[in-house]
Number of protein chains: 2
Amino acid sequence: MGKAYNVMAATCPSRTVLHRIGARWTVFVVNALEGGPMRFTELKAHIQGITPKVLTETLRALEHDGLIQRTSYDESPPRVEYELTELGRSLLVPLSAVRAWAEEHVPDIQAAHAAHVEKP
Amino acid sequence: MGKAYNVMAATCPSRTVLHRIGARWTVFVVNALEGGPMRFTELKAHIQGITPKVLTETLRALEHDGLIQRTSYDESPPRVEYELTELGRSLLVPLSAVRAWAEEHVPDIQAAHAAHVEKP
DNA sequence: CCGGATCCCGGCCGATACTG
DNA sequence: CAGTATCGGCCGGGATCCGG
């Protein structure tokens with residue numbers, strides 16, 4: 001069977017999907033939830049440098065897209081847990097590969113930058 | 001051997017790398033160049049909706065990172081070709097997987113959106 | 001103390017028009 | 001054909017405040 005969607009087409013809904021995936025912190029949050037459910041503060045501590053506002057926005061967007069599930073326990077102190085849905089775990093596969101690529105090729109990118117300084 | 005870099009650390013240079021990958025149009029340009037060299041106008045036509053300014057910015061950034069190579073032929077009319085470097089082709093592997101995921105899971109995302117409209 | 005919401009700013013993104 | 005120039009808007013992001 002052929003491809004039903006094509007991200008290169010301007011009106012294709014897959015663009016919206018790719019737009020979300022490409023959002024600044026999506027790859028970080030999805031990767032962070034790889035090991036299982038995490039609380040808001042845990043996520044904030046694990047993903048160093050993320051601000052609560054941005055973390056909230058990212059979590060809401062991912063929840064809206066059905067990639068993560070938010071569970072609120074009515075306790076004191078309050079407890080809220082986030083975890084990947086099955087759809088989210090399927091996205092984790094390519095996103096962890098992207099993460100791995102980034103961590104692996106840092107020297108190559110830095111070498112390319114250095115080369116451009118040499119010959120501008 | 002252990003991992004040298006970790007994207008979760010605030011000061012890790014892999015963050016910069018991931019930042020580039022996460023830029024709006026990077027995934028589109030890299031995927032577009034999968035089949036071989038392309039000219040500026042070809043790219044613009046293939047990646048529907050991209051503006052010349054943004055395409056130029058994206059191409060410059062990717063060239064600076066050593067992911068693509070720009071070749072200018074001194075002809076009339078002028079001809080400029082862009083192609084993936086070996087490093088760029090290695091990035092194509094995870095990025096084409098991300099693209100495939102996006103194209104494949106459009107119905108799931110749309111179903112999640114619909115579910116949130118039903119029960120807000 | 002946890003899990004946010006609000007205010008405000010800067011930079012990236014994008015549309016349109018123009019040029020070697 | 002292969003880009004610049006210019007302007008505007010929106011979104012990402014930091015600092016601060018709030019409810020339970």
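A note on names: the letters A, B, ... follow the listed sequences, proteins ahead of strands, and every chain is numbered from 1.
In this structure, of C/dC13, C/dT16, D/dG3, it is C/dC13 that holds the atom nearest to the side chain of B/A23. Out of C/dA17, C/dA15, C/dG3, the shortest distance to the side chain of B/P52 is found at C/dA17.
Residues A/A10 and B/Q48 approach most closely at N-OE1, 3.1 Å, considering heavy atoms. Nearest heavy-atom pair, A/L18 versus B/R99, reported as atom, atom and distance to 0.1 Å: CD1-CA, 4.5 Å.
Taking OG from A/S14 and CD1 from A/I21, the interatomic distance works out to 9.5 Å, rounded to the nearest 0.5 Å.
Checking A/H19 against A/Y82, the closest nucleotide of DNA chain C that is more toward the 5' end is the one next to A/Y82. In terms of position along DNA chain D, the nucleotide closest to A/G49 lies nearer the 5' end than the nucleotide closest to the other residue of the pair A/G49 and A/P77.
Counting to the nearest Å, the C1' atom of D/dG12 and the CG atom of A/L59 are 15 Å from each other. As a whole-Å value, the separation of B/E57 CD from D/dA5 P is 12 Å. In this structure, the CD atom of A/E63 is 14 Å from the C1' atom of C/dG3, given to the nearest Å. Rounding to whole angstrom units, NZ of residue A/K44 and C1' of C/dG3 are separated by 10 Å. Between B/M38 atom CE and D/dG3 atom P there is a gap of 14 Å when expressed in whole angstrom units. Computed from coordinates, the A/R24 CZ to C/dC12 C1' distance equals 8 Å when rounded to whole Å. In this structure, A/L55 places its CG atom 10 Å from P of C/dG3, rounding to the nearest Å. Atom CD1 of B/I50 and atom C1' of C/dG14 are 11 Å apart (whole Å).
Every residue two or more places apart in sequence or in another chain was checked for a ring pair (Phe, Tyr, Trp, His ring centres under 6.0 Å) with A/H19, and none qualifies.
Ion pairing between B/E42 and B/K44 fails under the 4.0 Å rule for side-chain N and carboxylate O.
Considering only side-chain N and O atoms, A/T41 lies under 4.0 angstrom from the phosphate OP1 or OP2 of C/dG3. The phosphate of D/dG3 has OP1 or OP2 within less than 4.0 Å of a side-chain N or O from B/R70. Dashed line: the shortest gap from a side-chain N or O of B/R60 to OP1 or OP2 of D/dA2 is not under 4.0 Å. For B/R39, a side-chain nitrogen or oxygen approaches OP1 or OP2 of D/dA2 to under 4.0 Å. Proximity of B/W25 to the phosphate of C/dC12: no side-chain N or O atom is located under 4.0 Å from OP1 or OP2.
Using a 4.0 Å heavy-atom cutoff across all strands shown, B/K53 reaches at least one base atom of the nucleic acid. Using a 4.0 Å heavy-atom cutoff across all strands shown, A/V54 reaches at least one base atom of the nucleic acid.
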